[in-house]
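Inspection log for the structure reproduced underneath, given as structure tokens.
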Amino acid sequence: MSSNGNALVRKNSNSALKKHAKKASKHVAKKQATKKHAAKHATKAAKKAAKKAVEKVAGSGVVYATDYGLMTAFHHLQRASVVISLMEKGTGEDLRDLLERGVKLYRKATEGEEGNKFVLRAIGVLRAAEHLSLAGLYAAREKHRQKVASPSPAWLAKFIAEADQRLEKIEHAERGKGTDLFSVTVELLRQAEDSDHDAHLAFELAMAADALCFALENGL
């Protein structure tokens with residue numbers, strides 16, 4: 001083959017290679033663009049789903065808080081009821097009255113649009129009833145106590161002092177049906193302070209006072 005023929009073959013061959021390379025390059029670029037678009041679409045979809053999830057949680061926040069509050073109040077109610085039922089007949093009338101007040105608040109919390117208003121008060125009163133019922137049962141079953149040393153009472157003294165400060169802030173606040181419970185709360189704290197010889201009884205009394213203080217802080 002002449003030199004001109006060889007040159008033509010080489011030229012055609014180079015031209016074909018260039019065309020093939022150009023075509024392959026376009027195919028790779030298109031493929032990469034498709035992947036990039038898919039990744040972008042997936043990211044966008046994920047962000048949209050996350051936004052919907054956040055909106056759903058935010059939108060149901062009040063409902064969840066109410067449901068959780070009612071569940072908490074319900075369990076305090078049931079525990080207090082069971083413990084009070086173990087007390088001797090004719091005893092614990094004040095405690096039974098406190099439980100009944102808590103039950104009424106719980107029922108109001110489950111009805112109407114003002115449920116949020118009553119659920120925190122119900123939690124406070126029913127939690128106090130639970131702690132006081134345990135204190136009463138504990139005192140009545142003294143012989144069943146475990147003979148072990150109690151931890152340092154320093155934390156309880158701090159707890160009582162903090163509760164005292166909270167009561168001072170709401171002493172002159174306007175109250176609904178919880179007017180008499182303020183003095184009861186103060187008395188419980190004093191009894192907790194005087195019960196330093198009995199760490200567990202002091203604990204139950206202080207927790208009951210804290211619970212009533214919580215109910216009073218929430219408008220009881």
Side-chain angles (χ1 to χ4, degrees), residues 60-89 91-141 144-145 155-156 158-160 162-167 169-170 173 175-193 195 198-220:
S60 62
V62 174
V63 176
Y64 177 77
T66 304
D67 289 345
Y68 183 80
L70 287 173
M71 179 183 72
T72 302
F74 173 79
H75 290 304
H76 285 310
L77 185 160
Q78 297 296 357
R79 284 193 290 265
S81 298
V82 170
V83 177
I84 290 172
S85 71
L86 298 174
M87 294 182 175
E88 296 180 8
K89 290 183 179 180
T91 63
E93 292 305 317
D94 291 340
L95 185 52
R96 295 176 200 276
D97 177 64
L98 184 64
L99 174 62
E100 184 56 33
R101 292 171 75 166
V103 171
K104 288 179 180 178
L105 287 168
Y106 174 79
R107 285 175 176 157
K108 285 184 178 180
T110 60
E111 300 168 357
E113 297 179 357
E114 293 187 309
N116 293 335
K117 177 181 174 181
F118 292 102
V119 68
L120 296 177
R121 302 175 190 178
I123 289 172
V125 172
L126 292 169
R127 184 160 65 88
E130 180 185 348
H131 282 295
L132 288 174
S133 64
L134 286 169
L137 187 64
Y138 173 77
R141 299 291 186 271
H144 296 286
R145 282 187 282 179
W155 72 269
L156 186 58
K158 182 180 178 183
F159 183 88
I160 292 173
E162 290 174 350
D164 264 328
Q165 291 175 358
R166 289 165 59 199
L167 284 174
K169 291 180 181 179
I170 60 172
R175 277 184 278 279
K177 296 183 178 180
T179 305
D180 60 316
L181 291 180
F182 182 85
S183 58
V184 172
T185 308
V186 173
E187 178 59 25
L188 287 172
L189 282 178
R190 300 293 76 80
Q191 289 182 22
E193 286 179 320
S195 300
D198 191 331
H200 186 68
L201 182 59
F203 169 82
E204 297 294 357
L205 293 172
M207 292 300 109
D210 172 72
L212 286 179
C213 185
F214 177 78
L216 292 168
E217 287 171 331
N218 283 282
L220 184 64

Open item on the list: What I'd like to find out is whether the side chain of Val82 reaches to under 4.5 Å of the side chain of Gln78, using heavy atoms alone.
Closed with: no
Open item on the list: Under the rule for salt bridge (Lys or Arg N to Asp or Glu O under 4.0 Å), what residues qualify as partners of Arg107, not counting sequence neighbours?
Closed with: none
- [ ] Just jot down the salt bridge (Lys or Arg N to Asp or Glu O under 4.0 Å) partners of Glu204, sequence neighbours excluded, or say none.
- [x] none
Task: Ionic contact status for Glu193 with Arg190, cut-off 4.0 Å - done: yes
TODO: Among Leu77, Ile123, Val125, Val119, find the one that has a side-chain contact (heavy atoms from CB on, under 4.5 Å) with Leu105.
DONE: Val125
Task: Residues that Tyr138 engages under ring-ring contact (aromatic ring centres under 6.0 Å, His included), provided they are two or more places apart - done: His200
Task: Which residues share a salt bridge (Lys or Arg N to Asp or Glu O under 4.0 Å) with Asp94, sequence neighbours left out - done: none
Open item on the list: Just verifying a value: how many Å separate Leu98 CG and Glu100 CD, rounded to the nearest 0.5 Å?
Closed with: 10.5 Å
Give the table of side-chain donor-acceptor pairs shorter than 3.5 Å for residues 208-220, with sequence neighbours excluded, one pair per line with atom names and distance.
{"unit_1": "Asp210", "atom_1": "OD1", "unit_2": "Arg166", "atom_2": "NH1", "d": "2.6"}
{"unit_1": "Asp210", "atom_1": "OD2", "unit_2": "Arg127", "atom_2": "NH1", "d": "3.3"}
{"unit_1": "Asp210", "atom_1": "OD2", "unit_2": "Arg127", "atom_2": "NH2", "d": "3.1"}
{"unit_1": "Glu217", "atom_1": "OE1", "unit_2": "Arg166", "atom_2": "NH2", "d": "3.0"}
{"unit_1": "Glu217", "atom_1": "OE2", "unit_2": "Arg166", "atom_2": "NE", "d": "2.9"}
{"unit_1": "Asn218", "atom_1": "ND2", "unit_2": "Phe214", "atom_2": "O", "d": "2.8"}

TODO: Using the test salt bridge (Lys or Arg N to Asp or Glu O under 4.0 Å), find all partners of Arg121 that sit at least two apart in sequence or belong to another chain.
DONE: none
Task: Leu70 CG to Phe118 CZ distance, which is reported to the nearest 0.5 Å - done: 12.5 Å
- [ ] Just say parallel, tilted or perpendicular for the rings of Tyr106 and Phe74, cut-offs at 30° and 60°.
- [x] tilted
TODO: Work out which heavy atom in Leu126 is nearest to a heavy atom in Ala73; give both atom names and the distance.
DONE: CD1-O, 3.4 Å
- [ ] Any chance you could measure His76, atom NE2, to Glu130, atom CD, to the nearest 0.5 Å?
- [x] 5.5 Å
Task: Heavy-atom closest contact (Leu167 atom, Phe182 atom, distance) - done: O-CE1, 3.5 Å
Task: Minimal non-hydrogen separation, Ala122 against Gly102, with atom names - done: CB-O, 4.3 Å
Open item on the list: To the closest 0.5 Å, what do you measure between CG (Asp164) and CD (Glu162)?
Closed with: 10.5 Å
Task: Atom of Ser133, atom of Leu95 and distance for their closest heavy-atom approach - done: CA-CD2, 3.4 Å
Task: Between CG on residue Leu205 and CG on residue Leu134, distance to nearest 0.5 Å - done: 11.0 Å
Task: Inter-residue atom distance Ser81.OG - Leu86.CG, 0.5 Å rounding - done: 11.0 Å
